[in-house]
Undergrad: 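One structure is given below, represented as C-alpha cells, and several questions about it will come after.
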Amino acid sequence: QVQLVESGGGLVEAGGSLRLSCAASGRTFSFYVMGWVRQAPGKEREFVAVISSSGGSTSYADSVKGRFTISRDNAKNTVYLQMNSLKPEDTAVYYCAAKRTWGQSIEYDYWGQGTQVTVSS
C-alpha cells in the first residue's frame, strides 16, 4: 500500500513557475514508477510526466515538454514536478500517482488527492 500526498499548487501568472511535491508513505517507494496526471475542468485526466523507479528515465506529454521537469528523491520518498513558463491551459488539478509498469498510460495503482494549479492570463 502506498499513500501519496501532493503539495505546492496555487495561483500563478502566465509565464511563472511552480514546483509540486508528492510525499509517499511506505518503504517500497523506490519500487514504483511515479507520474503526474492532470485534469482540467470538463476534461478527462491526461498524462503529464512519468519517471522510472530509479529516476533514470523520464517521459513527458508533448504539451509540457521543455517546460516541465519530473524528478524524484528515493531517500526522501518524494517525487517533484517543476513547472516553468506556465500557460493558462496548464490550469488543472494535478495528481501524483504510482504504478509498477513503465509507460505513459494513466492506469495507476495508487493516487494522491490532487492539488489545484491555476494559471492566470
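Below, each value reflects all heavy atoms present in this structure, side chains not excepted, and no hydrogens, waters or symmetry copies.
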Undergrad: Are Arg72 and Asn74 side-chain neighbours, meaning at least one heavy-atom pair lies under 4.5 Å?
TA: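 Heavy-atom side-chain distance check passes, below 4.5 Å.
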Undergrad: Could you tell me which residues satisfy side chain to side chain donor-acceptor pair (under 3.5 Å) with Asn77, sequence neighbours excluded, listed by chain and number?
TA: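 Counting only residues at least two positions away or on another chain, Asn77 forms no side chain to side chain donor-acceptor pair (under 3.5 Å).
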Undergrad: Under the side-chain contact (heavy atoms from CB on, under 4.5 Å) test, which residues partner Val12, sequence neighbours left out?
TA: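 Partners of Val12 by the side-chain contact (heavy atoms from CB on, under 4.5 Å) criterion, ordered by chain and then number, come out as Leu18, Leu86, Val119.
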Undergrad: How long is the gap from CH2 on Trp111 to CD1 on Ile106, to the nearest 0.5 Å?
TA: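 Those atoms lie 5.5 Å apart.
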Undergrad: Determine, for Tyr95 and Arg38, whether the Lys NZ or Arg CZ falls below 6.0 Å from the six-membered ring centre while staying within 45 degrees of the axis.
TA: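 Relative to the ring axis of Tyr95, which defines the angle, Arg38 lies outside at least one limit.
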Undergrad: Closest heavy-atom contact between Ser121 and Pro88?
TA: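 Shortest heavy-atom contact: CB-CG, 3.8 Å.
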Undergrad: With clusters defined by side-chain heavy atoms of hydrophobic residues (ILVMFWY) lying less than 4.5 Å apart, directly or transitively, does Leu20 cluster with Ile70?
TA: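 In one cluster: yes.
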Undergrad: For the residue pair Arg100 and Asp109, establish whether any side-chain heavy-atom pair is separated by less than 4.5 Å.
TA: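 Yes - at least one pair of side-chain heavy atoms lies under 4.5 Å apart.
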Undergrad: Would you call Thr91 and Gln116 a side-chain contact if the rule is heavy atoms closer than 4.5 Å?
TA: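 Yes, their side chains come closer than 4.5 Å.
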Undergrad: More than 12 heavy atoms of other residues, nucleotides or ligands under 6.0 Å from CD of Gln113: is that the case?
TA: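 Yes, the 6.0 Å shell around CD holds more than 12 heavy atoms from other groups.
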Undergrad: Distance from Phe68 atom CZ to Asn84 atom CG, nearest 0.5 Å?
TA: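 The CZ atom of Phe68 sits 8.5 Å away from the CG atom of Asn84.
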Undergrad: So, taking the atom named CE in Met83 and the one named CH2 in Trp36, what distance separates them when rounded to the nearest 0.5 Å?
TA: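 Here the interatomic distance stands at 8.0 Å.
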Undergrad: With no hydrogens and no angle check, is any side-chain donor or acceptor of Ser53 less than 3.5 Å from a backbone partner on Phe31?
TA: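 Flag not set: sc Ser53 to bb Phe31 has no pair under 3.5 Å.
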Undergrad: Answer yes if the side chains of Thr78 and Asp73 hold a donor-acceptor pair under 3.5 Å, and no otherwise.
TA: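 Distance-only check fails for Thr78 and Asp73.
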Undergrad: Measure the spacing between OH of Tyr80 and CD1 of Ile51 and express it to the nearest 0.5 Å.
TA: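 Here the rounded value is 11.0 Å.
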Undergrad: Would the distance check show the side chain of Ser52 and the main-chain N or O of Ser57 forming a donor-acceptor pair, the cut-off being under 3.5 Å?
TA: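 Answer holds: yes.
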Undergrad: When you group the ILVMFWY residues by side-chain heavy-atom contacts below 4.5 Å and let the links chain together, are Tyr108 and Trp102 in the same group?
TA: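 Same cluster.
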Undergrad: Without swapping roles, check the side chain of Glu6 against the backbone of Thr115 for a donor-acceptor pair under 3.5 Å.
TA: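 Pair absent, no side-chain N/O of Glu6 close to backbone of Thr115.
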Undergrad: Between Tyr60 and Thr58, what is the shortest heavy-atom contact and its length?
TA: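 For Tyr60 and Thr58, the tightest heavy-atom pair comes out as CE1-OG1, 3.6 Å.
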Undergrad: Quick check: closest heavy atoms across Tyr94 and Asp90, and the distance to 0.1 Å?
TA: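 Here Tyr94 and Asp90 meet closest at OH-O, 2.6 Å.
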Undergrad: Nearest 0.5 angstrom please: Met34 CE to Cys22 SG, how far?
TA: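 The SG atom of Cys22 is 4.5 Å from CE of Met34, to the nearest 0.5 Å.
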Undergrad: Does the side chain of Ser17 reach to within under 4.5 Å of the side chain of Gln82, using non-hydrogen atoms?
TA: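 They are in contact (side-chain heavy atoms under 4.5 Å apart), so the answer is yes.
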Undergrad: Taking all non-hydrogen atoms of both residues, which atom of Val2 and which atom of Tyr110 are closest, and how far apart?
TA: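 Scanning both residues completely, I find the closest heavy atoms to be O-CD2, 3.5 Å.
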Undergrad: Using only atom types and a distance under 3.5 Å, with no angle test, would you say the side chain of Ser63 pairs donor to acceptor with the backbone of Ala61?
TA: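 Not a single qualifying donor-acceptor pair exists.
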Undergrad: Run Lys65 and Asp62 through salt bridge (Lys or Arg N to Asp or Glu O under 4.0 Å) and show every step you take.
TA: CA-CA 5 Å; Lys65 201 172 294 182; Asp62 288 343; 3.1 Å; yes
Undergrad: Hey, what do you get for CG (Leu81) to SG (Cys96), rounding to the nearest 0.5 Å?
TA: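 If we round to the nearest 0.5 Å, Leu81:CG and Cys96:SG are 9.5 Å apart.
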Undergrad: How about Ser105 and Phe47: do any of their side-chain heavy atoms sit closer than 4.5 Å?
TA: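 Side-chain contact under 4.5 Å: no.
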Undergrad: Take Gln104 and Ser59 through the side chain to side chain donor-acceptor pair (under 3.5 Å) test and state the conclusion after the steps.
TA: CA-CA 7 Å; Gln104 295 188 354; Ser59 181; 2.8 Å; yes
Undergrad: Looking only at non-hydrogen atoms, find the nearest pair between Arg45 and Val37 and report the distance.
TA: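 Nearest heavy atoms, Arg45 then Val37: CB-CG1, 3.8 Å.
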Undergrad: Can you check whether Gly103's main-chain N or O pairs, donor with acceptor, with Lys99's side chain at less than 3.5 Å?
TA: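 Side chain of Lys99 to backbone of Gly103: a pair is present.
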Undergrad: Considering non-hydrogen atoms only, spot the tightest contact between Phe29 and Val79 and give its length.
TA: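 Closest pair (atom of Phe29, atom of Val79, distance): CZ-N, 4.2 Å.
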